[in-house]
Protein chains: 4
Amino acid sequence: MTTTENRTRPANGGGVLRKKVTDAIIEAALAEVAKTGYARTSMDAVARRAGVGKATLYRRWPSKQTMLAELIRDKVTEALPPMPATSALSTDLRELLVTLRDQLSHPLVTRIGTGLLAEATHDATLDDLLQNEVAAPRRAAAHAILQNAITRGELPPNLNMEMGIDLLIAPLAFRMLMLKSPIDDQYIETLTRSIEAALKASS
Amino acid sequence: MTTTENRTRPANGGGVLRKKVTDAIIEAALAEVAKTGYARTSMDAVARRAGVGKATLYRRWPSKQTMLAELIRDKVTEALPPMPATSALSTDLRELLVTLRDQLSHPLVTRIGTGLLAEATHDATLDDLLQNEVAAPRRAAAHAILQNAITRGELPPNLNMEMGIDLLIAPLAFRMLMLKSPIDDQYIETLTRSIEAALKASS
Amino acid sequence: MTTTENRTRPANGGGVLRKKVTDAIIEAALAEVAKTGYARTSMDAVARRAGVGKATLYRRWPSKQTMLAELIRDKVTEALPPMPATSALSTDLRELLVTLRDQLSHPLVTRIGTGLLAEATHDATLDDLLQNEVAAPRRAAAHAILQNAITRGELPPNLNMEMGIDLLIAPLAFRMLMLKSPIDDQYIETLTRSIEAALKASS
Amino acid sequence: MTTTENRTRPANGGGVLRKKVTDAIIEAALAEVAKTGYARTSMDAVARRAGVGKATLYRRWPSKQTMLAELIRDKVTEALPPMPATSALSTDLRELLVTLRDQLSHPLVTRIGTGLLAEATHDATLDDLLQNEVAAPRRAAAHAILQNAITRGELPPNLNMEMGIDLLIAPLAFRMLMLKSPIDDQYIETLTRSIEAALKASS
DNA sequence: TTCTAATCGAGACGGTACGTCCCGTCTTGCC
DNA sequence: GGCAAGACGGGACGTACCGTCTCGATTAGAA
């Protein structure tokens with residue numbers, strides 16, 4: 001809630017951004033992005049589709065990037081962070097992988113995920129947003145799973161945490177974002193076992 | 001050598017794309033990309049820097065995307081595919097990871113890697129190019145390593161190959177392209193051992 | 001006021017072409033044309049001189065030709081048509097010739113008159129515009145003069161009108177547009193007498 | 001024969017501009033001009049149609065303008081100058097007008113006449129060529145007719161020559177080049193009588 | 001006949017301008 | 001004040017010609 005935290009601000013003396021309008025814009029933007037993809041989505045088109053003046057967009061977000069970043073962030077966030085754990089490492093693991101796959105399968109991610117990643121190279125704000133609000137919660141979940149397993153004694157206490165997290169997240173994320181290749185249950189099953197073994201071997 | 005394979009066409013009595021000019025353009029384009037990144041690199045700027053008319057660019061490549069794609073492809077290709085193997089799984093593995101890290105560290109990759117990935121979402125030609133000429137050779141190298149290890153008896157013959165390859169490549173690629181985070185030798189060392197364990201556990 | 005009659009559209013809740021900007025463009029275009037001539041005037045140069053984006057020109061006129069045509073048409077129109085008559089044929093005649101000379105001496109006419117004429121060969125719209133809005137009113141004035149003289153009995157009623165009008169207009173127009181040669185009062189004086197005689201001889 | 005006087009130069013050691021090639025170019029240029037008009041005729045198109053390299057054009061003429069100017073000049077010249085006179089003023093006059101009409105009706109004149117005129121505004125060389133080689137001979141013919149008539153006593157000796165010539169040439173030229181309107185025999189007949197009267201009235 | 005030098009075709013080259021599209025800002029009048 | 005509409009300055013896109021330059025192949029006059 002960085003750039004638009006005030007869009008639900010109840011009232012402040014006269015001018016309040018109207019929620020109805022904001023929602024119409026968001027819906028239009030999602031539709032436009034789904035149709036055209038990140039780089040080819042134009043603010044003019046979004047405004048037109050929403051039946052809204054362009055200034056109305058820029059009253060809410062400072063740039064196209066920011067708007068689309070917030071969109072994806074909200075979508076990914078509302079898809080709930082794949083929060084922690086329940087019982088044993090292998091089940092925690094499997095659950096996390098399934099959740100990740102589902103979230104990464106969301107058309108919004110498929111459509112503009114890499115676009116945002118690319119843009120983030122030149123836009124520190126955007127990069128922060130993606131790292132802190134999209135990546136971080138998922139890494140936190142992975143971290144919690146590993147920590148619990150260590151506590152339980154299922155994993156060695158000197159586990160390299162960063163690498164462990166990478167092992168949990170990277171294969172799925174890589175395959176879906178880079179190779180755009182779908183992932184079936186069999187793959188997840190095998191991956192679960194392999195990662196478990198990998199982690200345990202991290203003496 | 002798809003779009004410009006004829007630029008070194010030795011001669012045919014008349015207009016041949018001149019190597020000198022092509023080289024100047026490539027150099028200018030790389031410089032421009034290094035400075036500005038993929039999406040923000042303009043053909044006008046490249047032409048200006050190369051001291052060349054814009055038409056001269058379009059005589060060689062049909063569009064900005066194509067030009068930049070070919071550039072990175074050539075750069076990545078000339079960095080030679082990290083071809084396979086020598087002795088034992090663990091050494092093969094370590095060697096592959098080191099090579100990958102070095103190639104992914106190339107500023108060109110850092111700068112425009114994700115940009116191309118993003119553009120590929122909307123451009124089948126570009127997508128093919130990246131998958132077939134950049135990804136495929138690396139996956140082939142990984143495949144060879146695994147196959148050799150199976151032959152040697154170091155890995156189970158029923159190993160899920162696709163997943164095995166992902167395990168080898170994804171952690172590094174993910175960390176460098178997505179997190180833009182550097183990778184030290186310690187990381188590689190631990191990763192090598194973990195992946196080896198993971199693969200052996202793939203019953 | 002064909003293509004831009006709405007540029008003074010009083011208001012409709014939003015985007016209206018702004019008069020200030022339009023005026024700046026027109027001034028810049030006239031200056032540019034005066035400096036460079038019709039065919040060599042570039043939209044980029046006009047935009048630059050006016051401190052305006054190129055799209056702002058194309059929002060007003062669909063092409064360079066149209067813009068310049070409208071410019072000259074307005075200039076020539078505002079120089080008011082040399083409307084008719086007062087008393088006797090010879091004075092009417094002299095007055096018309098003087099007015100014509102002055103209008104044809106306008107630097108704008110000198111500069112781009114022939115350019116427009118040339119372009120009109122390939123552009124029916126432009127041709128119509130020139131014939132209907134520039135030529136026609138002048139021919140109408142000449143026609144009125146002749147008609148009045150016929151009514152008064154100064155000229156024979158079976159006068160070939162078209163030819164009569166040509167006799168009035170052609171020598172001046174030809175000399176100024178084709179030969180680019182100035183015309184002094186003596187020339188006009190002699191011409192007046194000659195044309196009068198010619199007309200009266202048209203039995 | 002200014003710019004290409006050497007194209008028939010019999011020989012000079014090896015390289016001579018080949019007449020066959022020159023003719024092919026001329027034919028192609030005329031065709032191209034007839035199809036497209038002056039301003040829209042491109043050297044590339046002429047070269048392509050002639051099956052000739054562009055340099056081959058520029059070996060013969062220094063610019064597009066010059067080439068087209070020479071073309072029209074030759075065409076108009078070969079249509080023979082409407083040289084003078086035979087007997088009485090009125091017959092001389094009629095003959096001149098008929099000749100003029102026929103020459104001005106030539107499609108080449110219709111097509112690029114005004115274009116050249118326009119270009120001449122910015123190109124002194126071209127202007128000279130048109131004035132000296134196209135206009136001058138016709139004015140000379142008109143001059144001869146008038147002079148003969150004066151000698152014969154048909155016209156007053158103090159006739160304003162320049163204006164007299166204009167009266168002979170302007171109406172036809174104006175009507176055909178500016179109004180692009182055809183001229184029938186009746187028009188010429190009336191015009192002949194009118195001009196004759198006008199000239200005689202030039203006290 | 002052989003030599004030799006300019007012409008030839010083809011078309012690449014540096015440039016300039018075209019008309020289009022989109023960004024993020026600004027302007028106008030209504031609610 | 002927000003809002004719809006859309007004009008605005010700016011800048012890049014890819015195209016079309018201009019007149020010049022670069023090739024190797026051809027052509028004919030001179031030796």
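Chain naming here is simple, since letters A, B, ... match the order of the sequence lines and numbering starts at 1 in each.
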Asks: Any sub-3.5 Å donor-acceptor pair from T56(B)'s side-chain atoms to V52(B)'s backbone N or O?
Replies: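 Not a single qualifying donor-acceptor pair exists.
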
Asks: Whole angstroms only, please: what is the CD1-C1' distance between I25(A) and dA4(F)?
Replies: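 Going from CD1 in I25(A) over to C1' in dA4(F) covers 11 Å.
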
Asks: Of all the heavy-atom pairs spanning S42(B) and A45(B), show the shortest one and how long it is.
Replies: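 Looking at all heavy atoms of both residues, the shortest contact is OG-N, 2.9 Å.
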
Asks: Once you round it to whole Å, what is the distance between P of dA12(E) and CH2 of W61(B)?
Replies: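 Nearest whole value for this atom pair: 14 Å.
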
Asks: Using modelled atom types and a 3.5 Å cut-off, is there a donor and acceptor pairing between side-chain atoms of T22(C) and backbone atoms of R18(C)?
Replies: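 Yes; at least one donor-acceptor contact below 3.5 Å.
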
Asks: Rounded off to whole Å, could you give me the NZ-to-P distance for the K19(B) and dC13(E) pair?
Replies: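 Rounded to the whole Å, the gap is 13 Å.
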
Asks: Salt bridge check: are D44(B) and R48(B) linked by an N-O gap of less than 4.0 Å?
Replies: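 Salt bridge absent between D44(B) and R48(B).
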
Asks: Which heavy-atom pair separates L17(D) from R60(D) by the least distance, and what is that distance?
Replies: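 Taking every non-hydrogen atom into account, CB-NH2, 3.6 Å.
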
Asks: Quick one: L17(C) CG to dT28(E) C1', roughly how many Å, whole number?
Replies: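 Atom-to-atom, L17(C) to dT28(E), this comes out as 13 Å.
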
Asks: For residues L71(D) and A29(D), report the shortest heavy-atom separation together with the two atoms involved.
Replies: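 So the two residues come closest at CD2-CB, 3.5 Å.
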
Asks: What's the CG-C1' distance between L57(A) and dG6(F), to the nearest Å?
Replies: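 Answer to the nearest Å: 13 Å.
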
Asks: For R60(C) and dC8(F), is the shortest distance between a side-chain N/O and OP1 or OP2 below 4.0 Å?
Replies: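 For dC8(F), OP1 or OP2 has a side-chain N or O of R60(C) closer than 4.0 Å.
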
Asks: OP1, OP2 of dA4(F) versus side-chain N and O of R18(A): anything below 4.0 Å?
Replies: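 No, outside the criterion.
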
Asks: Looking only at side-chain N and O atoms, does T56(B) come under 4.0 Å of OP1 or OP2 in dG14(E)?
Replies: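 Yes, because at least one side-chain N or O of T56(B) sits under 4.0 Å from OP1 or OP2 of dG14(E).
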
Asks: Reading nucleotides 12-18 of chain F from the 5' end, what letters show protein touch, with B for base, S for backbone sugar-phosphate only, - for no heavy atom under 4.0 Å?
Replies: SBBB-SB

